Structures are given as C-alpha cells and as structure tokens.
Amino acid sequence: MTRGGFVALAGRPNVGKSTLVNALVGEKVAIVSDRPQTTRRAIRGVLRTGDSEVVLVDLPGFQRPRDELTTRMARRVQHELEGADAALLMLAADQELGPGDRFIASTLAGAGLAVTIAVNKVDRVSRPQLAALLVRASELVPDAQVFPISARTGSGVRALGEHLAAMMPSAPFMFEDDATTDQPREVLLAELIREAVIRRTFDELPHAVEVVVEEIDRSRRQLAVVRALIWVESDSQKGIVIGAHGRMIKAIGTAARRELERELATHVHLDLTVRVRRDWRGDEALLDRLGIT
Ligand SMILES: Nc1nc2c(ncn2[C@@H]2O[C@H](COP(=O)(O)OP(=O)(O)OP(=O)(O)O)[C@@H](O)[C@H]2O)c(=O)[nH]1
Ligand SMILES: [Mg+2]
C-alpha cells in the first residue's frame, strides 16, 4: 500500500520555504530570492520516495495584506491549509521568534493540522544560539517535532523528508512517476524570469513586477524562442528595469536565459519587453488570468 498527501509550508516571508521545497524535490520548482514575498502562488512540488509521495505545497509567506494581490496571497495560504494533510512550520535560525510566528502557529492549530517545525538556516548561527532557538521553537507548538536544517547546504533535509513521508496517510499516488510539479510550463518560465528581475532590483520594485510568457516556440531544432512581457507599474520603474543604455535588461535577460536553457534543456532565444501596466496588483480580472487566485 502506498502513502501520500499534502504538506503545506507555512512561515514568515524569506525563511526559506521555496529553497526547502526545491531541496526536497531535488529540482528547481520554485523561485528564490532574498526579498520577502517572492512566492505569489501555491506551488506543488513532489517528493517521491519508495512507496510514499509527499506533495509539498510552497506558499506565500504570512503577511498583512496591503492590496488585492497580497489579499489573494493570504487567502490562498488559508485555502491551502484547509486542504492539507499536515503542515510544516518554518522558522529561520537567525531570526528571533516573534508575534508573526505565534500567529502562524495558532492558525495551524486552528486548522487542526499536525505540525512539524523546521528551523532553517542553521548554517548562519552558532551552536548555543541554535540550541536556545530549538527550545523556544518546541514551546511554540507543544507536540511538534523540531528539525534543525539548512535548505541551502542540505543538512538535515533528508531526515525531515523521511519524517514527512511517514506522516502521510495511506493513499494512491496522485502524480505521474517522474512529475516534480503541477505548474504549467509558461508559469514556471515566467517565474524564472521574474526571479532574475527581483534579484537585481530594490525597494518596492520587486513587488511591482510581474512576468507573463506569451509564447514558447519550439519549432526550431535545438532552439526555443521564448517571448515574455515584464510588467511594472510606472514609467520610472520601467526605466530602472531597462537601465542606462539597456544594461539592466541585458543582465536580466542573460541570467534568465541561462535558467530557461537549464529548464528546457536547449538553447533559448529570449525576447523580453518591458511594459507599464498601472495598478496590475489591484486588477481582479487580471489577477484571475495570471492564476493568482
Ligand atoms: N544561509 C542560508 N540561506 C538560506 C537558507 N535557505 C534559504 N536561504 C536564503 O533565504 C532567502 C529566502 O529564501 P526563499 O526560499 O525565497 O524564502 P521563502 O520563505 O520562500 O520566501 P517568500 O516566498 O518570500 O515567503 C534566499 O536568499 C535564500 O537563498 C539556508 O538554509 N541557509
Ligand atoms: Mg517562497
């Protein structure tokens, strides 16, 4: 008999949820950056080991909504928690526990979910610092097992994966044998381009950017042509993304192309256009079409 189910990843922005999903899946299914609120959609990544299938649900970080986009992100988190079999509460070892973490812990308890805690980024703190945080983490959710890990180095990740697999109920597999995610290809490619943008821009700009892949033309041998739009919300933001003499957009294009070539396993010609789309973050119909629901 096989076992399987959904594990929702809950935590504050930037604690390393997406990095961990990638580490457990063994492939890049979610983009990562040091800017908070990188993840906007629920992304399912599949960890298959022997007779178990753990579907990891990467989620936006818990945050107070400021606009329609972030309202939807918060709603998505709630919705995914309702459908999950278990929750993984993630903390970062280099941050003190705060009211945000207690709020998340009580939300998970309210949803009736079995909680496991991962204390991530152990590579960034000393042993005594870690020991103290592990004690406080275990007090956060009394029955939860606590795993110190580094999603970046891989330390502790395997043991955590085995623990999650053992928690899953008996169930048939939901994904094909070699599937790693349920994301449509256009969305994954758009995300990889957005990652290249947000890693190079600052302040409010990362939050104001969205990317839409309009076309993936694979009619040529050994060359995929990808056409994408980068949306920003103002002319000045457009200027920043393009940069002096087009230097910024060129750097973004080069970085994104490498990622796309890895993903598609072929040469890529990437055609990027920057477009101003005022208040796309507040446009309900548009967010629907982007799959941010
Ligand atoms: N040193 C260290 N850095 C890490 C580790 N895990 C993640 N990071 C870094 O932490 C930052 C945030 O990682 P993400 O995986 O994007 O975090 P997230 O929780 O998904 O963030 P949101 O999607 O914004 O909620 C990135 O710069 C990662 O490289 C780790 O184990 N050690
Ligand atoms: Mg993320």
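Everything numeric in this text was worked out from a predicted model, so none of it was measured. Order of listing sets the numbers, starting from 1, for every ligand and every atom in it. All values below were derived from every heavy atom in this structure, side-chain atoms included, with hydrogens, water molecules and symmetry-related copies excluded. Sequential numbering from 1 along the given sequence is applied to the chain's residues.
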Legend entry - Backbone N/O of His207 and side chain of Gln37: donor-acceptor pair under 3.5 Å: no
Inset, instruction - Determine, using the 4.5 Å side-chain heavy-atom cutoff (strictly less than), whether Val29 and Leu88 are members of one ILVMFWY cluster. - result: yes
Legend entry - Hphob cluster co-occupancy, Leu56 + Leu113, side-chain heavy atoms under 4.5 angstrom: no
Legend entry - Verdict with supporting geometry, Gln145 and Thr116, side-chain hydrogen bond (donor to acceptor under 3.5 Å, both in side chains): CA-CA 5 Å; Gln145 224 170 303; Thr116 299; over 6 Å; no
Inset, instruction - Please determine if Arg48 forms a cation-pi arrangement with Phe175, meaning its NZ or CZ atom is less than 6.0 Å from the six-membered ring centre and no more than 45° off the ring axis. - result: no
Inset, instruction - Begin with the C-alpha distance, continue with both residues' side-chain angles, and end with the deciding distance and a verdict on side-chain hydrogen bond (donor to acceptor under 3.5 Å, both in side chains) for Asp51 and Thr2. - result: CA-CA 5 Å; Asp51 61 358; Thr2 58; over 6 Å; no
Legend entry - Nearby protein N/O/S atoms (those under 2.8 Å) for the Mg ion (ligand 2), with water ignored: Ser18 OG, Thr39 OG1
Legend entry - Side chains of Thr19 and Arg152, donor plus acceptor under 3.5 Å: no
Inset, instruction - Assess the side chains of Ser155 and Thr153: does a donor N or O sit below 3.5 Å from an acceptor N or O? - result: no
Legend entry - Option among Arg277, Arg40, Arg275 that satisfies the salt bridge (Lys or Arg N to Asp or Glu O under 4.0 Å) test with Glu210: Arg40
Legend entry - Pocket residues of ligand 1, ordered first by chain and then by residue number (heavy-atom cut-off under 4.0 Å): Pro13, Asn14, Val15, Gly16, Lys17, Ser18, Thr19, Val32, Ser33, Asp34, Arg35, Pro36, Gln37, Thr38, Thr39, Gly61, Asn120, Lys121, Asp123, Arg124, Ser150, Ala151, Arg152
